[in-house]
Structure formats: structure tokens, C-alpha cells
Amino acid sequence: MKPLQSLRGMVDLLPGQTPFWQRIEATARDHFRRAAVEEIRTPLLEVTELFARGIGEATDVVGKEMYSFEDRGERHCTLRPEGTASVVRAAIQHGLVAQGPQRLWYGGPMFRYERPQAGRQRQFHQIGLEFLGHADPRSDVEAIAIAWDLLMDLGVGGLSLELNSLGSADDRLRYRADLVTWLEAHREDLDPDSQQRISTNPLRVLDSKNPQTQALLAGAPTLADALNGESRERFLRVRQGLEALAIPFRLNPRLVRGLDYYGHTAFEITSSQLGAQATVCGGGRYDGLVEQLGGPPTAAVGWALGMERLVLLLQAGGGEGGSAPAPDVYLISRGEMAEAQALALARGWRRQGLVVALDLSGSAYGKQFKRADRSGARWAAILGDAETAEGVVILRDLRGEATEDRRLTPDAVAGVLGAA
RNA sequence: GCGGGCGUCGCCAAGUGGUUAAGGCAGUGGCUUGUGGCGCCACCAUUCGGGGGUUCAAGUCCCCUCGCUCGCCCCA
């Protein structure tokens, strides 16, 4: 019979890679802890309407990328395609936003039904930050700084922070009208995709990867010019805040985020080493979302970081973290008494904090030593029936040249290893 | 959803129409050694993702299908 395979776009993370993931998770946790950001965990499955209302009916994510189905109770369910909507829903549902500003983070799998490619899977993982109830431009700056510092701490180089302001809802509405008239006037010169987007999502035309369209866009009205005084002032303060923290950024007036809820500050952290899917972290301000989902008017900023892409960067950078930790001792046993005793010995040493690998093969000494070597352990502990009867264990330094074996009581082993 | 590339043992990888499908790594068994790292011997794809077809003959050509991969779209 043919072996079963994982579903397309659903990948297994094998032991060789999980250390990278653990490192990212541990580092993120630590940064959040020090920034007084609390963790929130929400279900992977939500009612479809949450995303439809939150992310926007017209977005691709909602329109064609959701894993949706009906459960046995005929409820319309969707595997979360992103984290923000769920976090906001939970914050409203449990009255968190009413209790004052919230600083939250989350992590876990997200699902989007797309064609897999480099840095893009159907089940992928994000770590995200959400500040709810924070309107001050300084909160934008702090949110970005946390992401930036986290990435820097992980040793990811070659990153660039791109920044833009999408202005207020009014700004965008006005700009959108201007842009559409301009695009209509130049319709003939646009690539087919962009022509299509004039009606569906005109702002996204700015983002087009088509070089000709990009060149043409030089003459288009800009979003920056459409911002009102208040929006401009706000954006200025965000930029000043980043400058004050010496976080380098590049203004990108073409940066438009794909989810409907973004306004004012929008940013992406990208890498040139990632292929087509260059964004490692993306986010921005979403002041209208909480209200849109039935909560009180609440200002908010946040971002999400793509774990897979980050792992790719870590690996490309030849970073550490990809190898399994070697055991401190590899315990070899042979003989009926010894084999039974070995289990207890291993347990005792583990209680003392040692990393103990136990050979359960029952094969010849030679084989067991071979495996001991390959395990990378520095020490081998040997236990035969003779040793068991005497209440000792032989300790051998597998890396020492002419070091002699030592006969020790099991209790002495941890001490010797600690000293060596 | 649309394009391009690819698909030989767990991993890497020869092979480009003609008797029995190289090799390396890993794995397994054994030899040597009061015990391991080196070395040596043996085993490890009746089969080339799957299904059709062409041919005297196909892993090698054609078609379909599945999968992987890169890109578009979109996004983290």
C-alpha cells in the first residue's frame, strides 16, 4: 500500500529544524516578557464571519484563500488565516479592552489556501504583537522597535524596514478617488492585473511588480500628498520616534498593506534573501477594527512575523541552532542485571540534571560504543553484570586520548562530569 | 487559479532505447579491539512517483495523472 503523505502545503518540521524554531520562540518570549507584553491564545477555528468582517470581504485572503467548512452543527467555520481578528474578538468578548490598554502577543499556526512556494505554506506560523487601546504615535514606534530588536537579537542581517502612512479613512477615501480617475486615464498602459485592480482594490496597483506599471506610477498622485495635516503630523512623530531610537527605515510611499483594517502607519521588514516572499514581518495601525468587530472605538497597532521566513533567514545565515544537543553521558549496559539497573541509573542522573542517553538495544558492547560515539556524548558509562554486582559503573572519556577508565559509584558520576 | 522546472533506495547521486539499474552517506549483520572512534567483509531499488502508449526492446520517447519546486497573484 502506498504510504500516506501530508497535505499539500502542510509541512513537517523534523528534529534537525526544530531547534531553530525553539530559538526563535524562546527569544521572542524573552523580548515580550521584558517589554511587559502578555501572551494570549485563541482558537485556531473561528466563525467565518469574523474574518470576513475583520479582514475585509474584498481581500484575497477572505475571497479565495480561506480554509472554510461547515461543522456538524452547520456553523460556518474557518481556520484562522491571521491572528489579529481573533485577538480582537477575544479582547472584546472578555471585556479586555474595557479594562484599559492591552499589550498582547500570540503565536501559532495560520492557514491560507494558496499555492505553496518559497517562504509560503498553507499552514504557516506567525508570532504577532497587538497593542489595543494605544493611540499615541509612540506606541507605533514601540511596536516596531520590539520587532526590530527581536530580529536583531536573533542575528538576522540584511533587513530593511519600510515605512509608510496610509492616512486616515477619509484621507484614503479621497486619495482612492483621485487615484482611480488617474488610473482610468492611463488604463491602456497598465498591465492586465493592475487594470483589474482599478475596480477591486486600486491602492494595490501601487504595489505592482510590473516594471512598466511601476515606471508609469511615477506620475500618479501620491498618498503622501493626500494626507491631511493631522495625519502628516502623526506620521512625522512616528518617524522622529524611530530616528530617536536609531532604528533605520526607508520611506516607501508605495507600501500598501493588503488587509482592509490598516490605516496610518504601515510597515514591513523585508529581506532580499527570501526570494519572492520577502516580507518577514508586517504590520501597522488598525484603529477601526475593534469597533468594526462590535467593540468600543479603540486605537490599535500590531504586527505579525512569519516564522518560516525567519527560519529560512537563520539557516541562510549559517546560524546555529540546527543541531540536536549532545547528551552528557551515553549509558551502555549489557547483561540481564545491568540492563535492568541501567534504567534506574539513567533516571537518577537525569534527576540530577544530566542529559542521559540510554542504549536500549541490548546489542554487543562494540555496537553500543559505536552509537555512543555517534551520539556526540563526551562520556560513556558502562554497566555490565560485574559492575552491577559491585555497585559501580565504569566511566570512560570518549574524547580523551589516553585517559583511563574510572570505576565510580553511580552517585559520584554527576560530580565527575560537572568537574570535567 | 495561471505559468516554468523537476520526480532513480531514508538522504545525495550516476544513468540520455539494448544483457543482471553505478557509487557515496545513513542503516543492518559480522571480523578486529575488555569492549568505541579507523579499517575490512556482507546485506540494503525484480525496480526507476503512478497509469496508459510507441518499440523486437524504455528509467531513458509520447500522453495522462499525482507530487515537489520556483514564479505570478497574494501575503507573514
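Going from the C1' atom of B/U55 to that of B/C40 covers 47 Å, rounded to whole Å. For the P atoms, the distance linking B/C43 with B/G24 amounts to 13 Å, nearest Å. B/U54 sits 11 Å from B/C63 when the C1' atoms are compared, rounded to a whole Å. Comparing B/G51 with B/C56, their P atoms sit 23 Å apart, to the nearest whole Å. B/C44 and B/G53 have their P atoms separated by 32 Å, with the value rounded to a whole Å. Comparing the C1' positions of B/A13 and B/C61 gives a spacing of 24 Å, expressed to the nearest Å.
In this structure, A/R34 pairs ionically with A/D30, as a charged nitrogen and a carboxylate oxygen lie closer than 4.0 Å. Ion pair A/E82/A/R112 not flagged as a salt bridge, since none of the NZ, NE, NH1 or NH2 atoms sits closer than 4.0 Å to an Asp/Glu carboxylate oxygen.
Taking side-chain N and O atoms only, A/R8 has no distance below 4.0 Å to OP1 or OP2 of B/U69. Side-chain nitrogen and oxygen atoms of A/R257 include at least one within less than 4.0 Å of the OP1 or OP2 phosphate oxygen of B/A76. An OP1 or OP2 oxygen of B/G71 is reached within less than 4.0 angstrom by a side-chain nitrogen or oxygen of A/Q117. The phosphate of B/C70 has neither OP1 nor OP2 within less than 4.0 Å of any side-chain N or O from A/R115. Between B/G27 and A/R374, a contact under 4.0 Å exists linking OP1 or OP2 to a side-chain N or O.
Comparing B/G34, B/U28, B/A76 against the side chain of A/R371 picks out B/U28 as the nearest. Nearest nucleotide to the side chain of A/K370, out of B/C31, B/G71, B/C75: B/C31. Comparing B/U35, B/A76, B/C75 against the side chain of A/R204 picks out B/C75 as the nearest. When distances are taken from the side chain of A/R120 to each of B/G71, B/U35, B/C72, the shortest belongs to B/C72.
Atom CD of A/Q126 and atom C1' of B/C74 are 14 Å apart (whole Å). Rounding to whole angstrom units, CZ of residue A/R309 and C1' of B/A76 are separated by 5 Å. Between the CD1 atom of A/I382 and the P atom of B/U35 there is a distance of 10 Å, given to the nearest Å. The distance between atom CE of A/M66 and atom C1' of B/C75, rounded to the nearest whole Å, is 15 Å. In this entry the distance linking CD of A/E268 with P of B/A76 reads 7 Å, nearest Å. In this structure, A/K367 atom NZ and B/G30 atom C1' are separated by 7 Å, rounded to whole Å. Between the CG atom of A/L395 and the P atom of B/U35 there is a distance of 16 Å, given to the nearest Å. One atom, CG of A/D193, and another, C1' of B/G1, lie 12 Å apart when rounded to the nearest Å.
Using a 4.0 Å heavy-atom distance criterion, A/A372 is classed as making no nucleic acid contact. Nucleic acid contact for A/I127: none, since no nucleic acid atom lies under 4.0 Å from a heavy atom of the residue. In this structure, A/R334 reaches neither bases nor backbone, as no heavy-atom distance under 4.0 Å exists between it and the strands shown. At a threshold of 4.0 angstrom between heavy atoms, the contacts of A/D373 include nucleobase atoms, whether or not backbone atoms are also involved. A/G128 comes within 4.0 angstrom of nothing in the nucleic acid, heavy atoms only. Here A/Q368 lies out of heavy-atom contact (under 4.0 Å) with every strand.
Legend: salt bridge (charged side-chain N to carboxylate O under 4.0 Å, His left out) pairs involving residues 147-164 of chain A, not counting sequence neighbours, sorted by first then second residue: A/E162-A/R250.
Around the CD atom of A/Q93, the shell of radius 6.0 Å holds more than 12 heavy atoms that belong to other residues, nucleotides or ligands.
What you find for A/A346 and A/V356 is that their closest heavy atoms are CB-CG1, 3.9 Å. For the residue pair A/I40 and A/A90, the shortest heavy atom distance occurs at CD1-CB, 4.1 Å.
By the 30° and 60° cut-offs, the orientation of the rings of A/W105 relative to A/F32 is parallel.
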